[in-house]
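Working notes, beginning with the structure itself.
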Amino acid sequence: MPLSTVATLKRTVGPLTVNHQGQLPAVTISFNPAPGVALGDAVSKVQAIGRQTLPSSITATFQGTAQAFQSSLKGLGWLLVLSILVIYIVLGILYESFIHPITILSGLPSAGFGALLTLMIFHLDLNLYGFVGIIMLIGIVKKNAIMMIDFALEAQRTHSKSPADAIYEGCLVRFRPIMMTTMAALMGTLPIALGLGAGAESRRPLGLAVVGGLMFSQLITLYITPVIYVYMEELQNWIRGHVYRDKLTAEEIEREEAMLTGD
């Protein structure tokens, strides 16, 4: 049987070999970031071009350094949540309270908002360095509330002051240490934010996240933390009074039952 009866022969140009990945034909396209461009920006740009040009029947995945970069970003969200949880547990053990750690951590949303807003203003993505900057920001920002609340608790226990008077005095006394530590952290990360030095473009999101988060949270924390402290103290006193009232009611019931039985 001649071959022409079952197939059509035509001379053309084609690849010598066809690579496969997972039993499907695969083609590898390599790229190198331009000088001064971070790998995260290059990966985002390649993904955007792929969504615009490739048909829906083609699946694109990264290999090599780009794949390692994407894998490193997968667990950063859980790492951020775990770091906040660990800080809450440590503060709860330190102050022997479930309420005061929430007051201390109340400045973290403003710090995270300031960091993300700064990255948006400078048109930078939240890459690995940006996540590291936000995690650093958690440890730097919470020290403002710790200094104020620690002084306020000591004033309440030692001088029997009201929560409002205690936190107000804490803001006045600890204002200078708070500003000194904040300015020291700002000056330390400002060269990274400016992108000074060789290869500093890749580390710039770290510096911008820390500087922007510190500046925004510094303006907000000094006003929000005292208010949250006063409301949390009122909530804690209400819970204690409610529990004590329920306990007292149970004791009275037991006393009445004892009187009826003659014990």
Side-chain angles (χ1 to χ4, degrees), residues 77-117 134-186 209-210 212-255:
W78 289 107
L79 180 62
L80 184 63
V81 174
L82 183 61
S83 62
I84 296 175
L85 180 61
V86 170
I87 291 174
Y88 176 82
I89 294 174
V90 172
L91 291 175
I93 296 173
L94 179 63
Y95 291 103
E96 298 179 353
S97 173
F98 295 101
I99 299 297
H100 294 305
I102 298 177
T103 308
I104 294 173
L105 296 175
S106 62
L108 297 184
S110 61
F113 177 78
L116 296 177
L117 181 63
I134 293 178
I135 294 174
M136 290 175 55
L137 199 60
I138 294 174
I140 298 173
V141 169
K142 67 181 179 60
K143 54 87 183 172
N144 295 343
I146 288 177
M147 286 192 286
M148 289 188 294
I149 292 174
D150 189 68
F151 185 91
L153 291 175
E154 186 66 22
Q156 284 186 252
R157 296 168 183 171
T158 306
H159 304 287
S160 300
K161 292 187 176 182
S162 64
D165 295 336
I167 194 64
Y168 176 73
E169 186 177 356
C171 293
L172 295 179
V173 174
R174 296 298 175 89
F175 178 75
R176 182 180 296 179
I178 288 174
M179 292 302 298
M180 290 174 62
T181 54
T182 301
M183 292 305 297
L186 280 175
V210 175
L214 278 177
M215 292 180 63
F216 188 81
S217 65
Q218 188 68 28
L219 298 174
I220 301 298
T221 304
L222 295 176
Y223 298 97
I224 292 181
T225 302
V227 177
I228 296 178
Y229 176 81
V230 173
Y231 280 108
M232 286 298 180
E233 278 290 323
E234 293 178 356
L235 176 62
Q236 187 174 10
N237 293 333
W238 180 83
I239 293 174
R240 289 176 179 175
H242 186 71
V243 172
Y244 177 75
R245 186 174 61 253
D246 293 344
K247 183 178 180 182
L248 184 61
T249 304
E251 291 177 353
E252 291 178 351
I253 293 174
E254 292 178 358
R255 190 181 302 113

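All of these numbers come straight from a predicted model, not from anything done at the bench.
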Closest approach of F216 and G114, non-hydrogen atoms and distance? CB-CA, 3.8 Å
Looking at CD1 of I134 and CG of L79, how far apart are the two atoms once the value is rounded to the nearest 0.5 Å? 11.5 Å
Evaluation steps, side chain to side chain contact (heavy atoms under 4.5 Å, CB included), between L153 and E233: CA-CA 10 Å; L153 291 175; E233 278 290 323; 4.1 Å; yes
Search all heavy atoms of V141 against all heavy atoms of A111 and return the closest pair with its distance. CG2-CB, 3.7 Å
Does atom OH of Y88 have more than 12 heavy-atom neighbours, drawn from other residues, nucleotides or ligands, at distances under 6.0 Å? yes
Could you check if a side-chain atom of L137 sits within less than 4.5 angstrom of a side-chain atom of L214, using non-hydrogen atoms only? yes
Between atom NZ of K143 and atom CD1 of I178, what is the distance when rounded to the nearest 0.5 Å? 6.5 Å
Grab the two heavy atoms, one from S217 and one from G213, that are nearest each other, plus how far apart they are. OG-O, 2.7 Å
Does S110 use its side chain to pair, donor to acceptor, with the backbone of G107 at less than 3.5 Å? yes
Minimum heavy-atom separation for G170 to M148, with atom names? O-CG, 4.3 Å
For the pair S106 (side chain) and T103 (backbone), establish whether a donor and an acceptor sit closer than 3.5 Å, ignoring hydrogens and angles. yes
Evaluate side chain to side chain contact (heavy atoms under 4.5 Å, CB included) for E154 paired with H159, printing each intermediate quantity in order. CA-CA 8 Å; E154 186 66 22; H159 304 287; over 6 Å; no
I'd like to check D150 versus Y95 (side-chain heavy atoms, cut-off strictly below 4.5 Å). Are they in contact? yes
On a heavy-atom basis, which atom in A166 and which in Q156 lie closest, and how many Å separate them? CB-CG, 3.7 Å
Enter the distance from Y223:OH to Q218:CD here, rounded to the nearest 0.5 Å. 10.0 Å
A side-chain contact here means heavy atoms from C-beta on lying under 4.5 Å apart; do P226 and Y168 qualify? no
Would I146 and L91 count as a side chain to side chain contact (heavy atoms under 4.5 Å, CB included) if you check the C-alpha gap in whole Å, the side-chain angles of each, and the deciding distance to 0.1 Å? CA-CA 9 Å; I146 288 177; L91 291 175; 4.0 Å; yes
Rounding to 0.5 Å, atoms CG (L94) and CD1 (I87) come to a distance of 12.5 Å
Within 6.0 angstrom of M215 CE, more than 12 heavy atoms from elsewhere: no
How many angstroms lie between CG in L105 and NE2 in H100, if you round to the nearest 0.5 Å? 13.0 Å
Is there a side-chain contact between N144 and R174 in this structure, where contact means two heavy atoms from C-beta onward sitting under 4.5 Å apart? no
To the nearest 0.5 Å, tell me how far T221 OG1 sits from K142 NZ. 13.0 Å
Does the side chain of P163 come within less than 4.5 Å of E234's, by heavy atoms? no
Start with the C-alpha gap between S83 and I138, add the side-chain angles, then the distance that decides, and say whether side chain to side chain contact (heavy atoms under 4.5 Å, CB included) holds. CA-CA 9 Å; S83 62; I138 294 174; 3.8 Å; yes
Nearest heavy-atom approach of E169 to F151 is CG-CE2, 3.6 Å
